[in-house]
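The analysis underlying the following values was restricted to heavy atoms, covering all of them including side chains, and did not include hydrogens, waters or symmetry mates.
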Amino acid sequence: MRVGLTGGIGAGKSAVAAIFARLGAFIVDTDALAREVVAPGSPALAEIAVLWPSAVKDGRLDRRTLAQIVFNQPAELERLNGLLHPRIQKLAVEREAGARPAQPIVHVVPLLFETGYDSLVDKSVLVAAPVERRVARIVGRDGMSEDEARARAAAQTAPEAARTRADYVIENDGTLEQLEARTRAVYEALA
């Protein structure tokens, strides 16, 4: 069973992925793979240096600068996604080899529907949270301003649209105990 786990920035994907892992799933984290794809010396970083020279400093990706460029220009964001997502998907499929036979594999993919990654999974799970909670998490976790956090959240697929495409929705609008119970129920339904 291959599952795509998604949700907007700050929705709680990492928390749900950690619960799935404790329940026995093999986790493939595409955010970690995205960092690997743009590591110093990588072909993707070399392409980024050509396209957005100010986003590469001392041979390393300056994520904040790149984010400021692409999140304000939809065509540039699409260009970046086209550069990175095929590489990330290829690595993700390679990482699945680490799973035990019959172990559920959960791909944590922030842009599951936007990139067509949902076609690679059997089922999809959306983590949904109220926008105010998401913004507060982003500001606290990433040190962004509230305006930056709102802009980043707005650049992603609206949760309402994602709800219509997801096979399961886990509401992250309560306590950690509630999130754990909701996640367990979805995990059992997937098994």
(message) Closer than 4.0 angstrom, basic N to acidic O: yes or no for Arg165 and Asp118?
(response) yes
(request) May I ask you to say whether Glu148 pairs ionically with Arg64, meaning some side-chain N is under 4.0 Å from a carboxylate O? (result) yes
Shared hydrophobic cluster for [X] and [Y] (ILVMFWY, side-chain gaps under 4.5 Å):
X      : Y      : value
Ile9   : Val135 : no
Phe20  : Leu176 : yes
Phe71  : Val139 : no
Ile138 : Val127 : no
Val37  : Ile69  : yes

Counting only heavy atoms from other residues, nucleotides and ligands, does the tally under 6.0 Å from [atom1] of [X] exceed 12?
X     : atom1 : answer
Glu78 : CD    : no
Arg60 : CZ    : no
Lys90 : NZ    : no

For [Y], is there any backbone N or O sitting under 3.5 Å from a side-chain donor or acceptor partner on [X]?
X      : Y      : result
Asp122 : Arg2   : yes
Arg163 : Val169 : no
Glu76  : Gln73  : no

Quick one: does [X]'s side chain get under 4.5 Å of [Y]'s, heavy atoms only?
X      : Y      : value
Leu33  : Asp29  : no
Thr183 : Glu180 : no
Phe26  : Val106 : no
Asn172 : Arg137 : yes
Ile105 : Val3   : no
Thr115 : Gln89  : yes
Leu111 : Asn81  : yes
Pro43  : Arg87  : yes

Once rounded to the nearest 0.5 Å, what's the spacing between atom [atom1] of [X] and atom [atom2] of [Y]?
X      : Y      : atom1 : atom2 : result
Ser54  : Asp62  : OG    : CG    : 8.0 Å
Arg184 : Arg22  : CZ    : CZ    : 8.5 Å
Leu126 : Ile170 : CG    : CD1   : 8.5 Å
Leu190 : Tyr168 : CG    : OH    : 5.0 Å
Thr6   : Lys13  : OG1   : NZ    : 6.0 Å
Glu36  : Ile88  : CD    : CD1   : 10.0 Å

Can you name the closest pair of heavy atoms from [X] and [Y] and give their distance?
X      : Y      : value
Ile27  : Ala17  : CD1-O, 3.6 Å
Phe113 : Ser124 : CZ-OG, 3.8 Å
Arg182 : Glu171 : NH1-O, 2.7 Å
Pro104 : Tyr187 : CG-OH, 3.5 Å
Ala55  : Thr65  : CA-CG2, 4.0 Å
Lys123 : Asp167 : CA-OD2, 3.2 Å

(message) Is the distance from the ring center of Tyr117 to that of His85 below 6.0 Å?
(response) no
(request) Apply the test side-chain contact (heavy atoms from CB on, under 4.5 Å) to residues Arg35 and Leu61: give CA-CA distance (whole Å), side-chain angles for both, the deciding distance (0.1 Å), then the verdict. (result) CA-CA 9 Å; Arg35 288 187 289 280; Leu61 182 63; over 6 Å; no
(request) For side-chain contact (heavy atoms from CB on, under 4.5 Å), just list the numbers for Leu80 and Ile48, CA-CA rounded to whole Å, side-chain angles, deciding distance to a tenth of an Å, and then say yes or no. (result) CA-CA 8 Å; Leu80 178 64; Ile48 290 170; 4.1 Å; yes
(request) Kindly indicate, with the supporting measurements, whether the criterion side-chain contact (heavy atoms from CB on, under 4.5 Å) is fulfilled by Trp52 and Arg79. (result) CA-CA 11 Å; Trp52 305 285; Arg79 189 181 215 183; 3.9 Å; yes
